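Single-structure report; data block below.
Remember, predicted model here, so these are calculated numbers, not experimental data. Lettering of chains follows the sequences in order, A, B, ..., and the numbering in each one begins at 1.
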Protein chains: 2
Amino acid sequence: MAKIATTVYEQIRTAILTGELSNSERLVEEDLAVSMGISRTPVREALRRLAAEGLVDVSPNRGARVAEWDVHDLREIFDLRSILESHACELATPRASAAEIEFLENVCFEMEELAKTDLSSETRLPALAARNRIFHGKIIEMSNSTRLGLLIETLIHVPIVMQTYKVYSPEALQRSLHHHREIVNAMKAGDEVWASSVMRAHVLAAREEILGQPDPE
Amino acid sequence: MAKIATTVYEQIRTAILTGELSNSERLVEEDLAVSMGISRTPVREALRRLAAEGLVDVSPNRGARVAEWDVHDLREIFDLRSILESHACELATPRASAAEIEFLENVCFEMEELAKTDLSSETRLPALAARNRIFHGKIIEMSNSTRLGLLIETLIHVPIVMQTYKVYSPEALQRSLHHHREIVNAMKAGDEVWASSVMRAHVLAAREEILGQPDPE
DNA sequence: TCAGGTGGACTTGTATACCATCTCGTACGA
DNA sequence: TCGTACGAGATGGTATACAAGTCCACCTGA
(Lines give C-alpha, C1' and ligand atoms only; values in the text may rest on other atoms or scores of the structure.)
Protein backbone atom coordinates (compact mmCIF):
# COMPACT_ATOMS: atom_id res chain seq x y z
CA MET A 1 0.00 0.00 0.00
CA ALA A 2 1.27 3.41 -0.91
CA LYS A 3 1.72 5.54 2.15
CA ILE A 4 -1.58 7.03 3.17
CA ALA A 5 0.14 10.02 4.70
CA THR A 6 1.59 10.92 1.31
CA THR A 7 -1.79 10.62 -0.35
CA VAL A 8 -3.38 12.85 2.25
CA TYR A 9 -0.54 15.31 1.89
CA GLU A 10 -1.09 15.57 -1.84
CA GLN A 11 -4.83 15.90 -1.51
CA ILE A 12 -4.65 18.74 0.96
CA ARG A 13 -1.86 20.35 -1.00
CA THR A 14 -3.80 20.40 -4.26
CA ALA A 15 -6.92 21.50 -2.41
CA ILE A 16 -4.99 24.51 -1.18
CA LEU A 17 -3.32 25.23 -4.50
CA THR A 18 -6.54 25.09 -6.47
CA GLY A 19 -8.18 27.42 -4.00
CA GLU A 20 -10.63 24.73 -2.92
CA LEU A 21 -9.70 25.53 0.65
CA SER A 22 -10.09 29.21 1.26
CA ASN A 23 -7.55 31.38 2.99
CA SER A 24 -6.99 30.87 6.71
CA GLU A 25 -9.57 28.09 6.79
CA ARG A 26 -9.22 25.80 9.77
CA LEU A 27 -7.90 22.32 9.14
CA VAL A 28 -9.22 20.10 11.92
CA GLU A 29 -7.41 16.79 12.05
CA GLU A 30 -10.48 14.81 13.03
CA ASP A 31 -12.66 16.27 10.28
CA LEU A 32 -10.09 15.60 7.59
CA ALA A 33 -9.59 12.07 8.88
CA VAL A 34 -13.25 11.08 8.82
CA SER A 35 -13.86 12.78 5.49
CA MET A 36 -11.15 10.58 4.00
CA GLY A 37 -12.09 7.52 5.98
CA ILE A 38 -8.74 7.18 7.73
CA SER A 39 -7.31 7.82 11.17
CA ARG A 40 -5.82 11.05 12.46
CA THR A 41 -2.26 9.79 12.44
CA PRO A 42 -1.55 10.13 8.71
CA VAL A 43 -3.45 13.41 8.69
CA ARG A 44 -1.14 14.73 11.38
CA GLU A 45 1.93 13.75 9.42
CA ALA A 46 0.56 15.36 6.26
CA LEU A 47 -0.20 18.61 8.10
CA ARG A 48 3.30 18.71 9.58
CA ARG A 49 4.82 18.33 6.16
CA LEU A 50 2.63 21.09 4.78
CA ALA A 51 3.60 23.27 7.71
CA ALA A 52 7.28 22.66 7.01
CA GLU A 53 6.68 23.87 3.46
CA GLY A 54 4.83 26.92 4.65
CA LEU A 55 1.49 25.99 3.12
CA VAL A 56 -0.26 25.82 6.48
CA ASP A 57 0.32 27.54 9.81
CA VAL A 58 0.12 25.50 12.99
CA SER A 59 -0.15 26.89 16.52
CA PRO A 60 0.48 24.63 19.53
CA ASN A 61 -2.74 23.11 20.80
CA ARG A 62 -4.68 25.31 18.45
CA GLY A 63 -4.51 23.40 15.23
CA ALA A 64 -3.65 24.16 11.64
CA ARG A 65 -4.92 26.77 9.25
CA VAL A 66 -4.34 27.38 5.59
CA ALA A 67 -1.53 29.89 5.37
CA GLU A 68 -2.26 33.22 3.80
CA TRP A 69 -0.08 35.50 1.74
CA ASP A 70 -0.22 39.19 1.07
CA VAL A 71 1.34 41.30 -1.64
CA HIS A 72 4.54 41.63 0.34
CA ASP A 73 4.91 37.86 0.50
CA LEU A 74 4.42 37.52 -3.22
CA ARG A 75 6.98 40.23 -3.89
CA GLU A 76 9.49 38.38 -1.76
CA ILE A 77 8.80 35.14 -3.57
CA PHE A 78 9.28 36.61 -7.03
CA ASP A 79 12.43 38.43 -5.99
CA LEU A 80 13.94 35.25 -4.64
CA ARG A 81 12.80 33.24 -7.63
CA SER A 82 14.43 35.75 -9.96
CA ILE A 83 17.72 35.27 -8.15
CA LEU A 84 17.59 31.51 -7.79
CA GLU A 85 16.24 30.67 -11.22
CA SER A 86 18.74 32.92 -12.94
CA HIS A 87 21.44 31.15 -10.97
CA ALA A 88 20.04 27.86 -12.21
CA CYS A 89 20.41 29.19 -15.76
CA GLU A 90 23.98 30.16 -15.07
CA LEU A 91 24.81 26.68 -13.83
CA ALA A 92 22.84 24.92 -16.55
CA THR A 93 24.28 26.75 -19.54
CA PRO A 94 27.79 25.25 -19.58
CA ARG A 95 26.33 21.81 -18.87
CA ALA A 96 23.58 21.85 -21.48
CA SER A 97 23.68 18.96 -23.95
CA ALA A 98 22.33 19.17 -27.49
CA ALA A 99 19.48 16.88 -26.53
CA GLU A 100 18.51 19.08 -23.61
CA ILE A 101 18.55 22.19 -25.79
CA GLU A 102 16.34 20.42 -28.26
CA PHE A 103 13.96 19.42 -25.51
CA LEU A 104 13.65 23.03 -24.39
CA GLU A 105 13.11 24.17 -27.97
CA ASN A 106 10.31 21.66 -28.29
CA VAL A 107 8.62 23.02 -25.21
CA CYS A 108 8.96 26.53 -26.62
CA PHE A 109 7.40 25.41 -29.87
CA GLU A 110 4.48 23.73 -28.13
CA MET A 111 3.79 26.80 -26.06
CA GLU A 112 3.92 29.06 -29.11
CA GLU A 113 1.45 26.82 -30.93
CA LEU A 114 -0.83 26.80 -27.91
CA ALA A 115 -0.71 30.55 -27.74
CA LYS A 116 -1.91 30.78 -31.36
CA THR A 117 -4.92 28.56 -30.82
CA ASP A 118 -8.31 29.90 -30.02
CA LEU A 119 -9.30 27.29 -27.49
CA SER A 120 -11.27 28.37 -24.50
CA SER A 121 -9.06 29.38 -21.63
CA GLU A 122 -10.28 26.40 -19.62
CA THR A 123 -8.16 24.10 -21.72
CA ARG A 124 -5.49 26.45 -23.05
CA LEU A 125 -4.29 28.02 -19.85
CA PRO A 126 -3.68 24.81 -17.90
CA ALA A 127 -1.79 23.40 -20.89
CA LEU A 128 0.37 26.51 -21.05
CA ALA A 129 0.95 26.51 -17.32
CA ALA A 130 1.95 22.85 -17.37
CA ARG A 131 4.53 23.41 -20.12
CA ASN A 132 5.80 26.49 -18.38
CA ARG A 133 6.48 24.40 -15.30
CA ILE A 134 8.22 21.80 -17.46
CA PHE A 135 10.42 24.48 -19.03
CA HIS A 136 11.51 25.98 -15.74
CA GLY A 137 11.81 22.58 -14.09
CA LYS A 138 14.05 21.28 -16.86
CA ILE A 139 16.48 24.15 -16.48
CA ILE A 140 16.60 23.62 -12.74
CA GLU A 141 17.25 19.95 -13.31
CA MET A 142 20.02 20.82 -15.78
CA SER A 143 21.67 22.99 -13.15
CA ASN A 144 22.49 19.75 -11.34
CA SER A 145 22.07 21.32 -7.92
CA THR A 146 19.59 19.41 -5.83
CA ARG A 147 19.55 21.97 -3.08
CA LEU A 148 18.87 24.80 -5.50
CA GLY A 149 15.95 22.77 -6.81
CA LEU A 150 14.63 22.22 -3.33
CA LEU A 151 14.89 25.90 -2.44
CA ILE A 152 13.00 26.95 -5.55
CA GLU A 153 10.38 24.28 -4.95
CA THR A 154 9.59 25.67 -1.53
CA LEU A 155 8.97 29.06 -3.12
CA ILE A 156 6.74 27.96 -5.95
CA HIS A 157 3.76 26.42 -4.30
CA VAL A 158 1.87 29.53 -3.47
CA PRO A 159 -1.30 29.40 -5.56
CA ILE A 160 -0.89 32.62 -7.41
CA VAL A 161 2.59 31.66 -8.49
CA MET A 162 1.33 28.36 -9.87
CA GLN A 163 -1.37 30.04 -11.89
CA THR A 164 0.70 32.83 -13.31
CA TYR A 165 -0.77 32.73 -16.78
CA LYS A 166 -4.29 33.27 -15.55
CA VAL A 167 -3.77 36.97 -15.19
CA TYR A 168 -1.50 37.44 -18.20
CA SER A 169 -2.48 39.86 -20.92
CA PRO A 170 -1.88 38.69 -24.50
CA GLU A 171 1.13 41.01 -24.71
CA ALA A 172 2.59 39.66 -21.50
CA LEU A 173 2.13 36.11 -22.74
CA GLN A 174 3.97 36.93 -25.96
CA ARG A 175 6.80 38.53 -24.05
CA SER A 176 7.00 35.52 -21.79
CA LEU A 177 7.29 33.15 -24.75
CA HIS A 178 9.96 35.35 -26.34
CA HIS A 179 11.88 35.20 -23.09
CA HIS A 180 11.78 31.43 -23.19
CA ARG A 181 13.15 31.41 -26.73
CA GLU A 182 15.85 33.87 -25.83
CA ILE A 183 16.91 31.81 -22.83
CA VAL A 184 17.32 28.73 -25.00
CA ASN A 185 19.24 30.71 -27.59
CA ALA A 186 21.58 32.07 -24.95
CA MET A 187 22.16 28.58 -23.61
CA LYS A 188 22.82 27.28 -27.10
CA ALA A 189 25.39 30.03 -27.52
CA GLY A 190 26.97 28.95 -24.26
CA ASP A 191 26.55 32.43 -22.83
CA GLU A 192 25.56 31.95 -19.21
CA VAL A 193 25.54 35.67 -18.44
CA TRP A 194 23.05 36.26 -21.22
CA ALA A 195 20.94 33.27 -20.22
CA SER A 196 20.79 34.15 -16.56
CA SER A 197 20.04 37.80 -17.32
CA VAL A 198 17.07 36.91 -19.48
CA MET A 199 15.79 34.52 -16.83
CA ARG A 200 16.04 37.20 -14.20
CA ALA A 201 14.15 39.63 -16.40
CA HIS A 202 11.64 36.92 -17.19
CA VAL A 203 10.72 36.34 -13.55
CA LEU A 204 10.77 40.03 -12.65
CA ALA A 205 8.50 40.79 -15.58
CA ALA A 206 6.09 38.18 -14.28
CA ARG A 207 6.21 39.85 -10.90
CA GLU A 208 5.20 43.20 -12.31
CA GLU A 209 2.53 41.65 -14.47
CA ILE A 210 0.95 40.03 -11.42
CA LEU A 211 1.60 42.59 -8.73
CA GLY A 212 1.54 45.79 -10.68
CA GLN A 213 3.90 48.57 -9.78
CA PRO A 214 6.31 48.10 -6.86
CA ASP A 215 4.63 48.86 -3.59
CA PRO A 216 5.84 52.14 -2.08
CA GLU A 217 6.22 50.40 1.32
CA MET B 1 4.77 20.84 29.88
CA ALA B 2 6.43 21.99 26.72
CA LYS B 3 5.75 19.69 23.83
CA ILE B 4 7.75 16.51 24.13
CA ALA B 5 8.13 16.26 20.37
CA THR B 6 9.90 19.61 20.31
CA THR B 7 12.22 18.56 23.10
CA VAL B 8 13.10 15.37 21.29
CA TYR B 9 13.60 17.28 18.07
CA GLU B 10 16.06 19.66 19.70
CA GLN B 11 17.94 16.88 21.43
CA ILE B 12 18.46 14.89 18.26
CA ARG B 13 19.26 18.04 16.32
CA THR B 14 22.00 19.18 18.64
CA ALA B 15 23.31 15.64 18.86
CA ILE B 16 23.74 15.67 15.10
CA LEU B 17 25.19 19.17 14.91
CA THR B 18 27.75 18.55 17.61
CA GLY B 19 28.80 15.35 15.90
CA GLU B 20 27.61 13.26 18.82
CA LEU B 21 25.73 11.11 16.35
CA SER B 22 28.13 9.96 13.68
CA ASN B 23 27.39 10.12 10.00
CA SER B 24 24.75 7.76 8.60
CA GLU B 25 24.07 6.35 12.05
CA ARG B 26 20.75 4.60 12.32
CA LEU B 27 18.01 6.32 14.28
CA VAL B 28 15.63 3.61 15.49
CA GLU B 29 12.37 5.04 16.74
CA GLU B 30 11.90 2.43 19.42
CA ASP B 31 15.43 2.83 20.80
CA LEU B 32 15.18 6.61 20.94
CA ALA B 33 11.79 6.35 22.62
CA VAL B 34 12.87 4.02 25.41
CA SER B 35 16.16 5.87 25.96
CA MET B 36 14.16 9.03 26.61
CA GLY B 37 11.39 7.28 28.51
CA ILE B 38 8.64 8.30 26.10
CA SER B 39 6.53 6.67 23.43
CA ARG B 40 7.33 6.38 19.76
CA THR B 41 4.79 8.98 18.68
CA PRO B 42 6.73 12.15 19.52
CA VAL B 43 9.92 10.52 18.30
CA ARG B 44 8.28 9.95 14.95
CA GLU B 45 7.21 13.56 14.73
CA ALA B 46 10.67 14.79 15.62
CA LEU B 47 12.28 12.58 12.99
CA ARG B 48 9.89 13.83 10.34
CA ARG B 49 10.73 17.39 11.14
CA LEU B 50 14.42 16.66 10.93
CA ALA B 51 13.85 14.87 7.64
CA ALA B 52 12.02 17.89 6.26
CA GLU B 53 15.06 20.00 7.13
CA GLY B 54 17.39 17.55 5.50
CA LEU B 55 19.23 16.61 8.68
CA VAL B 56 18.18 12.97 8.49
CA ASP B 57 17.35 10.70 5.59
CA VAL B 58 14.38 8.38 5.85
CA SER B 59 13.76 5.45 3.57
CA PRO B 60 10.37 3.78 3.59
CA ASN B 61 10.33 0.76 5.86
CA ARG B 62 14.04 1.11 6.44
CA GLY B 63 14.13 3.76 9.06
CA ALA B 64 15.94 7.05 9.56
CA ARG B 65 19.63 7.73 9.38
CA VAL B 66 21.72 10.78 10.06
CA ALA B 67 22.15 12.49 6.71
CA GLU B 68 25.63 12.75 5.28
CA TRP B 69 27.14 15.34 3.03
CA ASP B 70 29.99 15.17 0.58
CA VAL B 71 32.19 17.89 -0.88
CA HIS B 72 29.73 18.50 -3.67
CA ASP B 73 26.94 19.18 -1.18
CA LEU B 74 29.08 21.63 0.74
CA ARG B 75 30.03 23.43 -2.46
CA GLU B 76 26.38 23.80 -3.34
CA ILE B 77 25.58 25.11 0.10
CA PHE B 78 28.29 27.76 0.08
CA ASP B 79 27.42 28.83 -3.46
CA LEU B 80 23.79 29.33 -2.49
CA ARG B 81 24.72 31.04 0.74
CA SER B 82 26.94 33.46 -1.13
CA ILE B 83 24.02 34.42 -3.34
CA LEU B 84 21.36 34.62 -0.66
CA GLU B 85 23.40 36.33 2.03
CA SER B 86 24.68 38.93 -0.38
CA HIS B 87 21.09 39.55 -1.37
CA ALA B 88 20.26 39.99 2.30
CA CYS B 89 23.00 42.64 2.48
CA GLU B 90 21.55 44.39 -0.53
CA LEU B 91 18.12 44.54 1.06
CA ALA B 92 19.43 45.43 4.50
CA THR B 93 21.66 48.33 3.48
CA PRO B 94 19.01 50.92 2.59
CA ARG B 95 17.00 49.92 5.65
CA ALA B 96 19.81 49.98 8.19
CA SER B 97 19.23 52.24 11.17
CA ALA B 98 22.02 53.89 13.13
CA ALA B 99 21.28 51.61 16.07
CA GLU B 100 21.59 48.52 13.91
CA ILE B 101 24.88 49.68 12.45
CA GLU B 102 26.17 50.29 15.94
CA PHE B 103 25.06 46.81 16.98
CA LEU B 104 26.99 45.26 14.10
CA GLU B 105 30.04 47.34 14.94
CA ASN B 106 29.88 46.08 18.48
CA VAL B 107 29.84 42.49 17.29
CA CYS B 108 32.85 43.25 15.07
CA PHE B 109 34.69 44.73 18.01
CA GLU B 110 33.96 41.75 20.24
CA MET B 111 35.16 39.33 17.61
CA GLU B 112 38.36 41.31 17.06
CA GLU B 113 39.06 41.30 20.78
CA LEU B 114 38.40 37.57 20.95
CA ALA B 115 40.78 36.98 18.07
CA LYS B 116 43.55 38.78 19.95
CA THR B 117 43.20 36.69 23.08
CA ASP B 118 45.24 33.63 23.73
CA LEU B 119 42.52 31.51 25.23
CA SER B 120 42.47 27.86 24.44
CA SER B 121 40.47 27.11 21.36
CA GLU B 122 37.90 25.25 23.42
CA THR B 123 36.55 28.53 24.71
CA ARG B 124 37.64 30.95 22.00
CA LEU B 125 36.26 29.22 18.93
CA PRO B 126 32.73 28.68 20.20
CA ALA B 127 32.59 32.31 21.27
CA LEU B 128 33.74 33.43 17.84
CA ALA B 129 31.33 31.12 16.08
CA ALA B 130 28.44 32.35 18.21
CA ARG B 131 29.16 35.99 17.39
CA ASN B 132 29.61 35.13 13.75
CA ARG B 133 26.13 33.67 13.72
CA ILE B 134 24.81 36.77 15.43
CA PHE B 135 26.46 38.99 12.83
CA HIS B 136 25.05 37.12 9.87
CA GLY B 137 21.70 36.61 11.54
CA LYS B 138 21.34 40.31 12.27
CA ILE B 139 21.89 41.24 8.65
CA ILE B 140 19.33 38.68 7.54
CA GLU B 141 16.90 40.06 10.07
CA MET B 142 17.58 43.58 8.80
CA SER B 143 16.74 42.47 5.26
CA ASN B 144 13.13 42.17 6.48
CA SER B 145 12.45 39.17 4.26
CA THR B 146 11.17 36.26 6.27
CA ARG B 147 11.34 33.84 3.37
CA LEU B 148 14.93 34.76 2.62
CA GLY B 149 15.71 34.05 6.25
CA LEU B 150 13.98 30.70 6.09
CA LEU B 151 15.82 29.70 2.93
CA ILE B 152 19.20 30.55 4.43
CA GLU B 153 18.30 28.74 7.62
CA THR B 154 17.66 25.52 5.78
CA LEU B 155 21.13 25.77 4.27
CA ILE B 156 23.04 26.50 7.44
CA HIS B 157 22.50 23.55 9.68
CA VAL B 158 25.04 21.24 8.19
CA PRO B 159 27.62 20.74 10.93
CA ILE B 160 30.65 21.87 9.01
CA VAL B 161 28.95 25.12 8.09
CA MET B 162 28.13 25.74 11.72
CA GLN B 163 31.68 25.16 12.80
CA THR B 164 33.39 27.15 10.11
CA TYR B 165 36.00 28.71 12.34
CA LYS B 166 37.34 25.37 13.48
CA VAL B 167 39.36 24.92 10.33
CA TYR B 168 40.33 28.55 9.84
CA SER B 169 43.96 29.53 9.65
CA PRO B 170 44.94 32.69 11.56
CA GLU B 171 45.19 34.54 8.26
CA ALA B 172 41.75 33.40 7.17
CA LEU B 173 40.32 34.48 10.49
CA GLN B 174 41.82 37.94 10.07
CA ARG B 175 40.44 38.23 6.57
CA SER B 176 37.05 37.14 7.78
CA LEU B 177 37.02 39.83 10.47
CA HIS B 178 38.13 42.45 7.98
CA HIS B 179 35.26 41.42 5.73
CA HIS B 180 32.83 41.96 8.57
CA ARG B 181 34.18 45.45 9.17
CA GLU B 182 34.03 46.25 5.48
CA ILE B 183 30.44 45.07 5.25
CA VAL B 184 29.42 47.36 8.09
CA ASN B 185 31.31 50.26 6.53
CA ALA B 186 29.59 49.69 3.20
CA MET B 187 26.22 49.62 4.91
CA LYS B 188 27.03 52.78 6.82
CA ALA B 189 27.89 54.41 3.50
CA GLY B 190 24.54 53.24 2.15
CA ASP B 191 26.25 51.44 -0.72
CA GLU B 192 24.35 48.19 -1.18
CA VAL B 193 26.41 47.09 -4.16
CA TRP B 194 29.58 47.36 -2.11
CA ALA B 195 28.02 45.64 0.88
CA SER B 196 26.58 42.75 -1.06
CA SER B 197 29.82 42.28 -3.00
CA VAL B 198 31.86 42.00 0.16
CA MET B 199 29.37 39.56 1.62
CA ARG B 200 29.55 37.42 -1.48
CA ALA B 201 33.32 37.42 -1.34
CA HIS B 202 33.16 36.70 2.38
CA VAL B 203 31.15 33.51 1.92
CA LEU B 204 33.06 32.36 -1.15
CA ALA B 205 36.34 32.86 0.71
CA ALA B 206 34.99 30.67 3.49
CA ARG B 207 34.13 28.06 0.91
CA GLU B 208 37.65 27.92 -0.42
CA GLU B 209 39.13 27.92 3.05
CA ILE B 210 37.06 24.89 3.97
CA LEU B 211 36.94 22.99 0.71
CA GLY B 212 40.24 23.93 -0.83
CA GLN B 213 40.47 24.49 -4.54
CA PRO B 214 37.34 24.05 -6.68
CA ASP B 215 36.82 20.41 -7.52
CA PRO B 216 37.64 19.70 -11.18
CA GLU B 217 34.39 17.71 -11.52
C1' DT C 1 -25.39 46.09 33.37
C1' DC C 2 -20.86 44.64 33.30
C1' DA C 3 -16.69 42.12 34.91
C1' DG C 4 -14.70 38.13 36.21
C1' DG C 5 -14.70 33.40 37.04
C1' DT C 6 -16.14 28.67 36.04
C1' DG C 7 -17.66 24.71 33.47
C1' DG C 8 -17.98 22.17 29.40
C1' DA C 9 -17.21 21.10 24.65
C1' DC C 10 -13.79 20.69 21.40
C1' DT C 11 -9.13 19.95 19.71
C1' DT C 12 -4.54 18.74 19.93
C1' DG C 13 -0.80 15.87 22.04
C1' DT C 14 0.77 11.35 23.83
C1' DA C 15 0.61 6.39 24.72
C1' DT C 16 -0.28 1.81 23.38
C1' DA C 17 -1.83 -2.01 20.74
C1' DC C 18 -2.14 -4.05 16.33
C1' DC C 19 -1.07 -4.84 11.46
C1' DA C 20 1.71 -4.64 7.15
C1' DT C 21 6.10 -4.77 5.23
C1' DC C 22 10.92 -5.33 4.75
C1' DT C 23 15.36 -7.64 5.76
C1' DC C 24 18.22 -11.25 6.39
C1' DG C 25 19.41 -15.90 7.31
C1' DT C 26 18.83 -20.67 6.50
C1' DA C 27 17.58 -24.67 4.19
C1' DC C 28 16.40 -27.13 0.23
C1' DG C 29 16.80 -28.18 -4.59
C1' DA C 30 19.00 -27.90 -9.06
C1' DT D 1 28.23 -24.97 -5.05
C1' DC D 2 25.07 -21.58 -6.21
C1' DG D 3 20.53 -19.79 -6.36
C1' DT D 4 15.98 -19.38 -4.82
C1' DA D 5 12.29 -19.69 -1.68
C1' DC D 6 10.50 -19.63 2.71
C1' DG D 7 10.12 -17.86 7.38
C1' DA D 8 11.38 -15.55 11.67
C1' DG D 9 12.48 -11.29 13.63
C1' DA D 10 12.54 -6.54 13.43
C1' DT D 11 10.84 -2.13 11.85
C1' DG D 12 7.67 1.17 10.11
C1' DG D 13 2.67 2.45 9.57
C1' DT D 14 -2.05 2.79 11.30
C1' DA D 15 -5.86 2.90 14.55
C1' DT D 16 -7.76 3.74 18.89
C1' DA D 17 -7.84 5.27 23.61
C1' DC D 18 -6.74 8.63 26.87
C1' DA D 19 -4.76 13.00 28.87
C1' DA D 20 -4.10 17.83 28.70
C1' DG D 21 -4.76 22.26 26.99
C1' DT D 22 -7.66 26.03 24.81
C1' DC D 23 -11.64 28.64 23.81
C1' DC D 24 -16.19 30.19 24.45
C1' DA D 25 -20.38 30.85 26.57
C1' DC D 26 -22.94 31.26 30.48
C1' DC D 27 -23.63 32.35 35.12
C1' DT D 28 -22.99 34.85 39.30
C1' DG D 29 -22.09 38.74 42.07
C1' DA D 30 -21.19 43.50 42.62
Check whether any side-chain nitrogen or oxygen of Arg62(A) sits under 4.0 Å from OP1 or OP2 of dC24(D), and answer yes or no.
no
What does Arg48(A) touch in the nucleic acid at a heavy-atom separation under 4.0 angstrom: a base, only the sugar-phosphate, or nothing?
sugar-phosphate
Determine the contact category for Leu47(A): base if any of its heavy atoms lies under 4.0 Å from a base atom, sugar-phosphate if only primed atoms, P, OP1 or OP2 are that close, otherwise nothing.
nothing
Partners passing ring pair (Phe, Tyr, Trp, His ring centres under 6.0 Å) against His179(B) (at least two apart in sequence or in another chain)
His202(B)
Ring pair (Phe, Tyr, Trp, His ring centres under 6.0 Å) with His87(B): which residues, sequence neighbours excluded?
none
Verdict with reasoning, Glu100(B) to Arg95(B), per salt bridge (charged side-chain N to carboxylate O under 4.0 Å, His left out)
CA-CA 10 Å; Glu100(B) 287 166 331; Arg95(B) 304 176 55 90; over 6 Å; no
Residues in side-chain contact (heavy atoms from CB on, under 4.5 Å) with Val28(A), at least two apart?
Arg26(A), Glu30(A), Asp31(A)
Contacts of Ser35(B) meeting side-chain contact (heavy atoms from CB on, under 4.5 Å) (sequence neighbours excluded), chain-then-number -> none
Provide, to the nearest angstrom, the distance between the [atom1] atom belonging to [X] and the [atom2] atom belonging to [N].
X        : N       : atom1 : atom2 : result
Glu29(B) : dC18(C) : CD    : P     : 19 Å
Asp31(A) : dC10(C) : CG    : P     : 11 Å
Met36(A) : dT14(D) : CE    : P     : 14 Å
Asn61(A) : dA20(D) : CG    : P     : 12 Å
Glu30(A) : dT16(D) : CD    : C1'   : 11 Å
Glu45(A) : dA15(D) : CD    : P     : 12 Å
Arg44(A) : dT11(C) : CZ    : P     : 14 Å
Leu32(B) : dT11(D) : CG    : C1'   : 13 Å

Salt bridge (Lys or Arg N to Asp or Glu O under 4.0 Å) against Arg200(A), all qualifying residues, sequence neighbours excluded:
none
Are any protein N/O atoms closer than 3.5 Å to N/O atoms in nucleotides 15-17 of chain C? If there are, list each pair with its distance.
residue: dA15(C); atom: OP2; partner: Ser39(B); partner atom: N; Å: 3.1
residue: dA15(C); atom: OP2; partner: Ser39(B); partner atom: OG; Å: 2.9
residue: dA15(C); atom: N7; partner: Thr41(B); partner atom: OG1; Å: 2.9

Atom NZ of Lys138(B) with >12 non-hydrogen neighbours under 6.0 angstrom:
yes
From C-beta outward on Val28(A), which listed nucleotide comes closest to its side chain: dT12(C), dG13(D), dT22(D)?
dT12(C)
